[in-house]
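Chain naming here is simple, since letters A, B, ... match the order of the sequence lines and numbering starts at 1 in each.
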There are 2 protein chains.
Amino acid sequence: MNNEEAARARVVSTADRLFYAQGVQAVGMDAVRSASGVSLKRIYALYPSKDDLVLAVLRHRTEQWNTGLAKAVAAAGTPRDKMLAVFDFLAEWFREDDFRGCAFINFFGELGGGNSKVAAAVREQKTSFQRHVAGLVRDAGGPGHLAPQLALLAEGAQTTAAITRDPGTAAQARAAAETLIRCAFE
Amino acid sequence: MNNEEAARARVVSTADRLFYAQGVQAVGMDAVRSASGVSLKRIYALYPSKDDLVLAVLRHRTEQWNTGLAKAVAAAGTPRDKMLAVFDFLAEWFREDDFRGCAFINFFGELGGGNSKVAAAVREQKTSFQRHVAGLVRDAGGPGHLAPQLALLAEGAQTTAAITRDPGTAAQARAAAETLIRCAFE
DNA sequence: TTTGGCGGAGAACGATCGTTCTCTCGCTCC
DNA sequence: GGAGCGAGAGAACGATCGTTCTCCGCCAAA
């Protein structure tokens with residue numbers, strides 16, 4: 001049946017929104033059902049357990065993050081602007097009013113200690129991001145040690161923006177990145 | 001009765017350890033009882049609800065963090081070394097084998113969406129840390145914009161070290177901090 | 001029109017949670 | 001020694017969780 005894909009998409013995007021807003025354990029499967037309009041029977045046919053749904057949500061988030069970041073980077077001009085585009089991407093994200101930090105960090109903090117699959121998925125997303133940044137630095141001809149430093153700034157900006165809700169956080173991270181980049185190229 | 005303080009300390013430090021390792025919602029009050037050796041009746045006499053216990057744990061963590069950080073900073077020599085001592089303090093912490101990231105960030109991700117008191121306590125701790133760093137920067141004669149940048153690095157290092165378990169994370173953060181400090185002083 | 005099976009609504013089930021209550025033991029004061 | 005009180009052990013309670021099951025209505029094929 002074709003609308004299986006539609007149901008999957010509805011369930012995952014609904015679960016994503018609820019889990020991200022309230023935490024995984026605070027959202028029952030019945031809340032996913034009533035918010036998505038997909039019956040419990042069908043949800044469990046698509047995802048045999050809540051853990052499977054959580055992992056599907058993480059995959060969904062990873063794809064969204066990767067495409068959004070790739071688009072922001074592609075829109076930048078010079079290789080150095082592409083490195084800074086990471087922080088413009090973050091700034092745009094932080095402005096969303098339902099922003100509540102990095103879902104991967106949140107899920108890891110909540111579940112990582114007892115769910116190794118979630119921990120592995122989160123770890124993979126973070127290393128993938130670091131590889132992406134390393135590629136941008138390499139394309140710009142920057143030194144190898146610059147990439148993990150920029151990644152640290154990006155991670156710190158996400159948690160700081162979530163907790164303090166300071167709208168200047170993204171700009172501070174971007175300014176620090178500019179300084180690190182400038183110093184790395186001389 | 002004097003051993004009320006002893007019971008409080010045992011309950012809070014036990015709850016701290018369990019909540020930090022497994023997440024708040026994954027630890028039942030009965031687990032706190034059996035691990036601390038304090039009866040449920042007494043726990044509820046000391047902390048009327050689990051939320052109160054969580055807030056007490058956050059206060060306990062804040063004190064531990066503040067004294068540990070103050071000690072590391074005091075052990076450093078020059079004002080510039082004191083700024084870098086923050087990252088040495090982090091490096092030492094990351095090496096503990098039960099390190100699982102910043103408890104404030106973890107608690108915020110898990111509960112912040114639905115518990116405004118936890119959110120407020122976490123926010124207060126983070127702003128307090130930023131003020132502390134700002135004081136170190138001011139003492140060293142650095143520009144005002146340096147402090148939030150160093151704080152961002154510290155936050156990013158905590159989450160990155162927790163997720164990737166890369167032992168080089170602290171050194172990368174420290175190196176980035178050195179670069180930012182050097183560029184800020186010329 | 002009848003039949004058969006698929007899917008939705010939601011009740012049911014066992015487990016576990018936060019919280020309270022009961023029962024009993026041991027200690028203290030007369 | 002006996003009465004009374006504080007505290008521990010753990011059963012009990014209502015709620016909620018993840019998961020499964022039951023029932024009923026609908027639509028396709030004979």
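- Across the protein-nucleic acid pair, A:Leu46 atom CG and C:dG7 atom C1' stand 12 Å apart, rounded to whole Å.
- Salt bridge annotation for A:Asp139-A:Lys82: absent, with no cationic side-chain nitrogen under 4.0 angstrom from a carboxylate oxygen.
- Rounded to whole Å, atom P of D:dA7 lies 14 Å from atom CD1 of B:Ile43.
- Atom P of nucleotide D:dA11 and atom CE of B:Met29 are separated by 18 Å, given to the nearest angstrom.
- Both B:Ala26 and B:Lys41 lie close to DNA chain C; mapped to their nearest nucleotides by heavy-atom distance, the more 5′-ward contact belongs to B:Ala26.
- Whole-Å rounding puts the A:Asn115 CG to D:dG18 C1' distance at 14 Å.
- As a whole-Å value, the separation of A:Arg33 CZ from D:dG18 P is 13 Å.
- The cationic group of B:Arg165 does not satisfy the cation-pi geometry with B:Phe94, failing either the under 6.0 Å distance to the six-membered ring centre or the 45° limit from the ring axis.
- With A:Tyr20 as the aromatic partner, A:Arg61 meets the cation-pi criteria of under 6.0 angstrom to the ring centre and within 45 degrees of the ring axis.
- Note on B:Val27: only backbone sugar-phosphate atoms sit closer than 4.0 angstrom, heavy atoms only; bases stay farther off.
- Of the listed residues (A:Asp88, A:Thr169, A:Thr179), just one forms a side chain to side chain donor-acceptor pair (under 3.5 Å) with A:Arg174, and that residue is A:Asp88.
- When distances run from any side-chain atom of A:Lys50 to the nucleotides D:dG18, C:dG18, C:dA9, the shortest one goes to D:dG18.
- When the P atom of C:dC23 is taken as reference, atom CG of B:Leu40 falls 18 Å away, rounded to whole Å.
- Atom P of nucleotide C:dT19 and atom CG of B:Leu53 are separated by 10 Å, given to the nearest angstrom.
- For the pair B:Arg42 CZ and D:dA9 C1', the interatomic distance rounds to 14 Å; values are reported in whole Å.
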